[in-house]
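Numbers here are sequence positions counted from 1.
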Amino acid sequence: MPARGAILAYVREKFGTEPEYPWARHPHYAVLRQQGGKWYGLIMDVPGDRLGLGGDGQVEVINLKSGGVLDLLIGGTPGILPAYHMDKRNWVSILLDGGITSRELFALIDESHALTGGKGSAPRRAGRPPTR
């Protein structure tokens, strides 16, 4: 699974996205926006218990829009959870130390970018990430 730096490098290279850090209270929350202003991703640290995870520590996630949210959740894809603080019908939270590969995560980032109006990538037809 790529770390935050690898994700930011990927979106910079692929979409020309520079992260925004709009909240003084949450200086590590990185918003990924389309050129038109729409969000396609949000990287943040949240308490694991708010995601239904055990323990009392923080976990790092990226929220992404997905056309196959139900498929991802019902299929039990490791590291993919109902979205934290977003519309759970259209968004998922992905643990950055979870069980999906870089290739799978980058495909989901591409899909989120496309679904929010971005150019340069087409949404995937299936709800699950590509197989390993």
Side-chain angles (χ1 to χ4, degrees):
M1 171 59 70
R4 171 189 291 252
I7 293 168
L8 296 178
Y10 177 78
V11 300
R12 183 177 298 117
E13 181 179 322
K14 179 123 189 200
F15 306 117
T17 299
E18 291 297 332
E20 296 177 20
Y21 300 91
W23 301 288
R25 184 174 170 198
H26 301 287
H28 298 293
Y29 284 23
V31 175
L32 307 177
R33 291 185 196 264
Q34 301 282 352
Q35 289 182 354
K38 282 188 166 184
W39 293 20
Y40 68 91
L42 173 62
I43 302 172
M44 60 188 158
D45 306 320
V46 296
D49 64 345
R50 293 212 180 145
L51 296 170
L53 305 173
D56 57 353
Q58 299 277 340
V59 294
E60 191 167 42
V61 299
I62 183 170
N63 279 2
L64 298 170
K65 190 166 189 174
S66 176
V69 169
L70 288 178
D71 291 338
L72 290 169
L73 297 175
I74 291 170
T77 304
I80 298 181
L81 305 165
Y84 174 73
H85 221 287
M86 299 288 268
D87 177 356
K88 291 170 180 34
R89 292 172 295 155
N90 296 303
W91 293 78
V92 291
S93 288
I94 301 169
L95 296 173
L96 294 189
D97 65 353
I100 71 170
T101 66
S102 297
R103 181 174 159 230
E104 291 167 331
L105 178 60
F106 293 156
L108 290 169
I109 290 171
D110 292 350
E111 176 186 38
S112 185
H113 188 271
L115 288 170
T116 57
K119 296 181 185 203
S121 62
R124 291 177 299 107
R125 296 207 184 268
R128 296 184 56 83
T131 56
R132 296 180 187 148

Novice: Check Trp91 against Ser112 and note the closest heavy-atom contact, atom names and distance.
Specialist: CZ3-OG, 4.4 Å
Novice: Within the 4.5 Å heavy-atom criterion, are Asn90 and Leu115 side-chain neighbours or not?
Specialist: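 No, too far: nothing below the 4.5 Å cut-off.
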Novice: Who pairs with Glu18 by side-chain hydrogen bond (donor to acceptor under 3.5 Å, both in side chains), at least two apart in sequence or on another chain?
Specialist: Arg12
Novice: Determine which pairs satisfy ring pair (Phe, Tyr, Trp, His ring centres under 6.0 Å) with at least one residue from residues 33-60, sequence neighbours left out, and list them in order.
Specialist: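 For residues 33-60, and leaving out neighbouring residues, the ring pair (Phe, Tyr, Trp, His ring centres under 6.0 Å) pairs sorted by first residue read Phe15-Tyr40, Trp23-Trp39, Tyr40-His113.
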Novice: Leu32 versus Ile109: any side-chain heavy-atom pair under 4.5 Å?
Specialist: no
Novice: Report yes if some heavy atom in the side chain of Val31 is under 4.5 Å from a heavy atom in the side chain of Pro22; otherwise report no.
Specialist: yes
Novice: Show which side-chain atoms of residues 57-64 pair as donor or acceptor with protein atoms under 3.5 Å away, not counting sequence neighbours.
Specialist:
{"residue": "Gln58", "atom": "OE1", "partner": "Val46", "partner atom": "N", "Å": "3.3"}
{"residue": "Glu60", "atom": "OE2", "partner": "Arg4", "partner atom": "NE", "Å": "2.7"}
{"residue": "Glu60", "atom": "OE2", "partner": "Arg4", "partner atom": "NH2", "Å": "2.7"}
{"residue": "Asn63", "atom": "OD1", "partner": "Ser93", "partner atom": "OG", "Å": "2.4"}
{"residue": "Asn63", "atom": "ND2", "partner": "Tyr84", "partner atom": "O", "Å": "2.8"}

Novice: Verify side chain to side chain contact (heavy atoms under 4.5 Å, CB included) between Leu108 and Val92, making sure each step is shown before the conclusion.
Specialist: CA-CA 10 Å; Leu108 290 169; Val92 291; 5.7 Å; no
Novice: State which residues pass ring pair (Phe, Tyr, Trp, His ring centres under 6.0 Å) with His28; sequence neighbours excluded, sorted by chain then number.
Specialist: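 Not a single residue meets the ring pair (Phe, Tyr, Trp, His ring centres under 6.0 Å) criterion with His28.
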Novice: With sequence neighbours left out, write down each residue that passes ring pair (Phe, Tyr, Trp, His ring centres under 6.0 Å) with Tyr21, or none if nothing qualifies.
Specialist: none
Novice: Tell me whether Glu20 at atom CD has more than 12 heavy atoms from other residues, nucleotides or ligands lying less than 6.0 Å away.
Specialist: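 Atom CD in Glu20 is packed in, count exceeds 12.
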Novice: Considering all heavy atoms of both residues, which atom of Glu111 and which atom of Ser66 are nearest to each other, and what is their separation?
Specialist: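 Heavy atoms only, the tightest pair is OE1-OG, 3.2 Å.
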Novice: I want to check something: taking the side chain as every heavy atom from C-beta on, are Ile7 and Leu96 in contact at a cut-off of under 4.5 Å?
Specialist: yes
